[in-house]
Protein chains: 2
Amino acid sequence: MLTSQRRALITARLARDGQLVAKALADELGVSEDTIRRDLRDMAADGLLQRVHGGALPLQPSLPDFAARQEIGDDAKRDLGKKAAGLIKAGQLIFLDGGTTNAQIARALPRNLAVTIATHSPTIAADLVHHAAEVILIGGRLYKHSMVATGSAALAAIGAMRPDIFFLGVTALHPVYGLSTGDFEEAAIKRAIAAQSAETYVAATNEKFGTTSPTGSCLWNDWPD
Amino acid sequence: MLTSQRRALITARLARDGQLVAKALADELGVSEDTIRRDLRDMAADGLLQRVHGGALPLQPSLPDFAARQEIGDDAKRDLGKKAAGLIKAGQLIFLDGGTTNAQIARALPRNLAVTIATHSPTIAADLVHHAAEVILIGGRLYKHSMVATGSAALAAIGAMRPDIFFLGVTALHPVYGLSTGDFEEAAIKRAIAAQSAETYVAATNEKFGTTSPTGSCLWNDWPD
DNA sequence: CAGAAACATGCAAAATATCGCAGAGTCAAG
DNA sequence: CTTGACTCTGCGATATTTTGCATGTTTCTG
């Protein structure tokens, strides 16, 4: 990403969100905080924004529902996404399962990280438009409840790859009943991906713990972390 | 490659990508960075682009990305989408190409219509969440500029189906040069789908008429309507 | 007040830009 | 066909910009 584009993005973000956090943008763009701070300092000197501790504000504070936007993003999930994205290293082949939690991983991925992301979720693929990452879309019959491709076509495509890491999404996670998901066929897909992958991580927020999925299809009964 | 051709390509790339990195283009064309830089310097002096450190930007930052283009609800396109959706009958297998125009077709589709929609565009698949239609997602390597799956995996999946109607998206449409699209591989995919389909319709708004895609890959030189 | 986070500053490495120059190619007049 | 003017291109030397890191300082928070 070019320097001038980054500054244009800062302006756009300020107009859209009414605020900007330096560290968050640094992580998102995959540059150091110093670089963002320098941008903000220079732009403030040019009178393009108002510099504040931790980030920047637009010159004339945008009135729109700042609070509403703030609530949209689930902080816990976003933090989890950021942490999970930290496990990903350049050059790896990553498989991202569907679900909102994994969507946060995709969004938290540094934009310039050179990795290959495979996914059978069209929504996650769409979230990766702005990233440098190569995206491999797995096709198949779309199971709309979870927005993931299923069926034999998906299984065949999965069988042809060996991901380094698989980020598994679950609907429920129980100390006794293990991981479970609502749909039988979806569970089969998840098992297939895990079988191909060197490592499998489960990204789930606390609310999922101790629950079971009513029509649950058991995935595993034990897992490392 | 001739100098004027190179400069025309620079203009085209700026219009398509909204940015241009000098070193990347130098590597791609097999010329030194000096040559590209000289081009950019001269073109900036002629007011054809905005020179920035590392490359160049269009004068008026064109719609930066697909997402932004998506947002712009063009009334003409919406009407076109509605009209095209009217051609679809229950029970058919429809293939939807990528692009904003075809996204409008997806949205205009009656929610309860029992059809099967095949597409290689994750964004179009995502638009069909709330429809009753069965969705077949074609997988492959994601070509992010148009947000469509490409590559051999996509071609293989396409070869296994016989759509009743294919709604083709084009970037340019010219009475002499025919239909064209920006990317060579994308064009190959479009040809493959059309070959499998009983009927192919081109959905395009007036602005596409009489234009050619600068790095155009010709699709056909004649078409019915 | 103490620890953590954010900040400014200086510095070095890398990337990028500019300049001058020479070789290769083009083109038109002789 | 040859010659000379001209343009384009790549290379080397030098300058500028950008970036990340280390260091010390300031600001925030409990």
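Proteins get letters first, then strands, A, B, ... in listed order; numbering begins at 1 in each. Values in this document were obtained by computation on a predicted structure and should not be read as measured data.
The phosphate of C:dT18 has neither OP1 nor OP2 within less than 4.0 Å of any side-chain N or O from B:Arg37. Between B:Thr3 and the phosphate of D:dT9, there is a side-chain N or O to OP1/OP2 separation shorter than 4.0 Å.
Residue contacts for B:Arg38: at a heavy-atom cut-off of 4.0 Å it reaches a base atom on one of the strands shown. Here A:Val21 lies out of heavy-atom contact (under 4.0 Å) with every strand.
Taking the six-membered ring where the residue is Trp, A:Tyr201 and A:Phe167 present tilted rings, their angle falling between 30° and 60°.
With hydrogens and angles ignored, no donor-acceptor pair under 3.5 angstrom links the side chain of A:Asp34 to the base of C:dC7.
To the nearest angstrom, C1' of C:dA17 lies 12 Å from CG of B:Leu40. Between the NZ atom of B:Lys23 and the C1' atom of C:dA14 there is a distance of 12 Å, rounded to whole Å. Rounded to whole angstrom, the span from the CG atom of B:Leu29 across to the C1' atom of D:dC8 amounts to 15 Å. With rounding to whole Å, A:Arg6 atom CZ is found 15 Å from D:dT17 atom P. Rounded to a whole Å, the CG atom of A:Asp39 is 15 Å from the P atom of D:dT17. If you take CE of A:Met1 and P of D:dT19, they are 11 Å apart, rounded to a whole angstrom. Here C:dA15 presents its C1' atom at 17 Å from CD1 of B:Ile36, a figure rounded to the nearest Å. Note: CG (B:Asp42) to C1' (C:dA17) measures 14 Å, nearest angstrom.
With DNA chain D read from its 5' end, the first of the two nearest nucleotides for A:Glu33 and B:Val31 is the one closest to B:Val31. Projected onto DNA chain D by closest heavy-atom contact, A:His53 and A:Thr35 fall at different nucleotides, the more 5' of which corresponds to A:Thr35.
Ionic pairing of A:Arg191 and A:Glu186 is not present here: no N-O contact between side-chain nitrogen and carboxylate oxygen is shorter than 4.0 angstrom.
B:Gly18 and A:Gln5 make their closest contact through O-NE2, 4.0 Å (heavy atoms, listed as atom of the first residue, atom of the second, distance). Closest heavy-atom contact between B:Leu155 and B:Ala188: CD2-O, 4.4 Å.
Taking the side chain of B:Arg41 as heavy atoms from C-beta on, and the options C:dC19, C:dA6, C:dA17, the nearest nucleotide is C:dC19. Nearest to the side-chain atoms of A:Arg51 among the listed nucleotides C:dA8, D:dG10, D:dT27 stands C:dA8.
Rounded to the nearest 0.5 angstrom, A:Leu48 CG and A:Leu59 CG are separated by 7.5 Å.
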